[in-house]
Amino acid sequence: MRPFRSIALLVAAVPALAFAQGATPARPPAAPGPDATAPASPSPAEPPERQRTQRDAPAVPQSTPDAAPATPSAPAATDEDDTGSTPSAPSPEAQAPAATTPADAPVLDTGEAPRTTDAQQQRLVNGAPLYNPNVNVHIVQKKRFADEGKHELVLYPGVVQVNGKFTNHVGTALHYVYHLQENFALQVGGQYNWYSDESDFNLELIDKVREQAQAASSLLLQWGAHAGVEVTPLYGKFAFFNNSLAQFSLVLSGGAGIGKTRHLIRPEVANEVEGQTYQVPARFGDTGNKFLGEVGGGFRVQFGESYAIRLEVRDLIYTARVDKVDGCNLADFEALESARAANQPFDGLNLSGSCKVAKFDGVDPETKKNYREDIILGRDLVAEPSSDVLNNVSFYAGFSVLF
């Protein structure tokens with residue numbers, strides 16, 4: 001009986017020992033540090049073996065497309081974290097101040113991220129982003145200086161005719177321009193040709209074959225005055241010396257006015273009197289005032305706000321009917337020639353009121369030239385009245401002041 005009793009006691013002690021081991025309280029977990037998080041407390045319903053073998057899967061941070069990676073947040077705290085955990089230290093990224101964006105940094109409206117985040121490279125150069133400091137960026141801008149409401153005084157020191165077949169002209173012009181609008185202006189101009197003479201070709205014809213171009217084709221313009229408009233259909237700018245900008249514009253002009261004309265009566269000749277030779281200058285006759293039209297175009301290059309250079313080509317168009325020379329018509333010249341041939345004075349002749357008789361009477365005291373010899377030359381100019389329209393195309397180079 002004793003052996004059976006010992007076996008029974010051993011069998012009964014094994015479950016009791018196992019129960020006592022299961023009821024022993026677990027060691028409390030250590031307090032979580034700043035870099036560690038407390039594991040979630042096991043559920044009482046789960047056996048210890050399941051707790052030791054199963055672990056939560058690590059959390060995968062979700063990233064936002066085209067955005068800077070966000071700092072992964074700490075796992076959700078349990079009840080034990082609320083009471084026993086200490087707040088974690090802020091990350092270095094959170095402590096660093098945000099980068100300062102320059103005031104002139106470009107604003108991208110297309111949602112595109114900038115190609116650089118460097119504040120120095122995002123500075124604006126003439127309104128455009130300069131991502132590479134070694135590259136010059138050129139863009140289209142509005143006019144730097146407005147013309148509306150401004151006055152412009154233009155001086156053309158040199159005006160040279162470029163289509164002179166029978167005539168040559170060189171002069172000086174002065175224009176005043178008032179800019180009513182940015183692309184529209186009123187202009188008033190005057191021109192004086194301090195050199196106006198027959199071309200070498202025409203003088204050669206007179207000297208060798210005693211012929212010359214018709215009066216209407218070789219009429220000379222002494223001065224002209226006109227008024228009109230000026231338009232600026234387009235403008236732009238260019239750079240020079242890599243750092244300076246100049247503004248240019250295309251200008252077109254047109255107007256009408258009046259001009260004074262003259263014609264060559266006699267070229268320069270040598271007059272021999274009593275064995276002495278005198279050089280007689282060329283003789284020109286007044287052919288009256290003519291209607292004058294003006295059309296032109298060119299470029300204006302503006303440096304700064306007050307100064308500009310103008311390069312233009314203008315065509316002065318004037319009628320060229322020659323029916324009077326020095327105010328005398330054909331009937332006047334016929335009467336003068338009859339009196340000259342008879343060696344009679346001109347005082348009692350029935351002449352028109354515009355005829356300047358003194359131009360064809362008398363002797364030059366310096367050259368000993370008898371002016372009566374020019375009567376026949378004047379009569380030849382008006383004997384066959386010719387009519388034509390002349391185009392005096394000239395190149396204008398000058399500068400202007402705006403105020």
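Computed from a predicted model, the values in this text were never measured in an experiment. Hydrogens, waters and symmetry mates play no part in the numbers below; they use all other heavy atoms, side chains included.
Here the side chains of Glu294 and Gln187 are in contact, with some heavy-atom distance below 4.5 Å. For the pair Asp286/Val325, no side-chain contact is recorded, criterion being any heavy-atom separation below 4.5 Å from C-beta on. Leu252 places a side-chain heavy atom less than 4.5 Å from the side chain of Pro233. Here the side chains of His179 and Glu148 are not in contact, with every heavy-atom distance at 4.5 Å or above. Taking the side chain as every heavy atom from C-beta outward, Glu198 and His263 approach each other to under 4.5 Å. At least one side-chain heavy atom of Phe284 sits under 4.5 Å from a side-chain heavy atom of Asp197. Put simply, the side chain of Leu311 reaches to within 4.5 Å of the side chain of Phe395, judged on heavy atoms. At least one side-chain heavy atom of Tyr318 sits less than 4.5 Å from a side-chain heavy atom of Leu292.
Minimum heavy-atom separation, Ser400 to Val154: CB-CG2, 3.6 Å. Of all the heavy atoms in Pro345 and Ala339, the pair that sits closest is O-CB, 4.3 Å. Of all heavy-atom pairs spanning Gly164 and Gln161, the tightest one is CA-NE2, 3.6 Å. Contact detail for Trp223 and Asn289: the closest heavy-atom pair is CZ2-OD1, 4.4 Å. When all heavy atoms of Gln344 and Arg372 are compared, the closest pair comes out as O-NH2, 3.1 Å. Contact between Leu220 and Thr167 at its shortest, heavy atoms only, is CD2-CG2, 3.4 Å.
Asp332 contributes a side-chain N or O that, together with a main-chain N or O of Ser352, makes up a donor-acceptor pair within less than 3.5 Å. Distance alone, capped at 3.5 Å, places no donor-acceptor pair between the Ser196 side chain and the His169 backbone.
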task = Just do the side chain to side chain contact (heavy atoms under 4.5 Å, CB included) check on Asp323 and Asn329 with the steps written out, would you?
result = CA-CA 6 Å; Asp323 52 4; Asn329 54 29; over 6 Å; no

ask   = Given Tyr156 and Glu312, is the side chain to side chain donor-acceptor pair (under 3.5 Å) satisfied, shown in steps?
value = CA-CA 10 Å; Tyr156 300 95; Glu312 302 176 48; 2.5 Å; yes

Candidate pair Leu174 and Leu153, rule side chain to side chain contact (heavy atoms under 4.5 Å, CB included), full reasoning = CA-CA 8 Å; Leu174 181 65; Leu153 192 61; 4.3 Å; yes

query = Is there a side chain to side chain contact (heavy atoms under 4.5 Å, CB included) between Val357 and Leu351 once you walk through the steps?
reply = CA-CA 9 Å; Val357 182; Leu351 303 176; 3.3 Å; yes

inquiry  = Does Tyr176 form a side chain to side chain contact (heavy atoms under 4.5 Å, CB included) with His151? I'd like the steps, not just the answer.
reply    = CA-CA 8 Å; Tyr176 165 75; His151 307 266; 2.6 Å; yes

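A cation-pi arrangement is not found for Arg379 relative to Phe360, the charged atom failing to lie both closer than 6.0 Å to the ring centre and inside a 45° cone about the ring normal.
Look at Arg283 and Asp374 and you find a salt bridge, because one of the NZ, NE, NH1 or NH2 atoms lies within 4.0 Å of a carboxylate O, short of that distance. Between Glu152 and Arg300 there is a salt bridge, since at least one side-chain N of the basic residue sits less than 4.0 Å from a carboxylate O of the acidic one. Note on Arg340 versus Asp361: no salt bridge recorded, every NZ/NE/NH1/NH2 to OD/OE distance being 4.0 Å or above.
Put simply, CG on Asn391 and CG on Asp315 are 4.5 Å apart, with the number rounded to the nearest 0.5 Å.
Side-chain polar atoms of Tyr235 and Gln302 form no donor-acceptor pair below 3.5 angstrom.
Ring orientation note: the planes of Phe299 and Phe248 are tilted relative to one another, at an angle of 30° to 60°.
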